[in-house]
Amino acid sequence: MSKLEKQFFEIPTLELAETLLGKIFVRILPGNIQLKGRIVETEAYLGEDDEACHAWRGKTKRNQIMYHAPGTLYVYFTYGNHYMLNIVSEPENRAGAVLIRAMEPVEGIRFMEEQRDTRILANLMSGPGKLAKALAIDGKSNGKNIFGEEFFVEDAPAMPESMVGTSVRAGISRSRELPWRKFILDNPYLSKVRLPE
DNA sequence: AGCGTGATCTTT
DNA sequence: AAGATCACGCTG
């Protein structure tokens, strides 16, 4: 399958969140360790009207990468433990990103099991913190792009509309009503969603 | 259902 | 300088 080029990411954030479903996220580590996961759950975060978006009060040191070109990785640290992996969207100087919330492990599973200290496949990448850890992603990946040697996405057939689910986003307290979570219906590798109250 | 854990941002 | 918040995950 072919590598997705930069134009693939130059679409509105919500569309990108949906069209990324089913695609294969790839990381190549030194020693030719290939890690691959199929994206099964995403969320859109968009601009200054979305109060759950880090950029809703404007540019800061932490969120500045969100204003970069589409296809830049935005990785940040939270809850004293976890890194979150996002793919930047929207034209340069406007803030938007797609949070990758869950993947189905595809390749490099032994490596991921070691990173995560579990052998339960459905638990390896079923959450944003978990998948970053499985892929050994941390703050050093912040700002890299997704068309390179280290990180890229492989194409896969588009998801039929009938297989795509939509809901509100997980784990947020503001802008809770926006239905900006996208996922593959009935997929076994989805996150355990903590629905906002 | 409760809590660890630490960076970031807001408020004083 | 202090306090609140947090796009979570694990235990129990």
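This one's a predicted model, so the numbers in the text were calculated from it and none came from an experiment. Letters A, B, ... are given to chains in the order of the sequence lines, protein chains preceding strands, and every chain is numbered from 1.
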Going by centres under 5.5 angstrom and planes under 30 degrees, do the aromatic ring of A:Tyr79 and the base ring of B:dG6 stack?
no
Integer angstrom distance from the P of B:dA1 to that of C:dA7:
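Nearest-Å result for B:dA1 against C:dA7 at atom P: 22 Å.
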Give a yes/no answer on whether the side chain of [X] brings an N or O atom under 4.0 Å of OP1 or OP2 in [N].
X	N	answer
A:Arg57	B:dT8	no
A:Arg62	C:dC6	no
A:Arg174	C:dC6	yes
A:His54	C:dA7	yes

Whole-Å distance separating the [atom1] atom of [X] from the [atom2] atom of [N]:
X	N	atom1	atom2	answer
A:Arg176	C:dT5	CZ	P	13 Å
A:Asn63	B:dA7	CG	P	18 Å
A:Ile137	C:dC8	CD1	P	16 Å
A:Tyr83	B:dG6	OH	C1'	10 Å
A:Leu85	C:dA7	CG	P	15 Å
A:Asn142	B:dT8	CG	C1'	14 Å
A:Lys133	B:dT5	NZ	C1'	13 Å
A:Asp138	B:dA7	CG	P	14 Å

Hey, does [X] reach any base, or is it just sugar-phosphate, or nothing, if we go heavy atoms under 4.0 Å?
X	answer
A:Thr60	sugar-phosphate
A:Met125	nothing
A:Gly80	base

Closer than 4.0 angstrom, basic N to acidic O: yes or no for [X] and [Y]?
X	Y	answer
A:Arg27	A:Glu150	yes
A:Lys36	A:Glu154	yes
A:Glu10	A:Lys6	yes
A:Lys182	A:Glu18	yes

Going by purine N1 to pyrimidine N3 plus the second Watson-Crick contact, or the G-U wobble pair, all under 3.5 Å, which nucleotide sits opposite C:dA7?
none
Return the nearest nucleotide to the side chain of A:Ser173; candidates are C:dC6, C:dC10, C:dA7.
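Given the options C:dC6, C:dC10, C:dA7, the side chain of A:Ser173 is closest to C:dC6.
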Among A:Glu43, A:Glu41, A:Arg181, the one residue meeting side-chain hydrogen bond (donor to acceptor under 3.5 Å, both in side chains) with A:Ser167:
A:Arg181
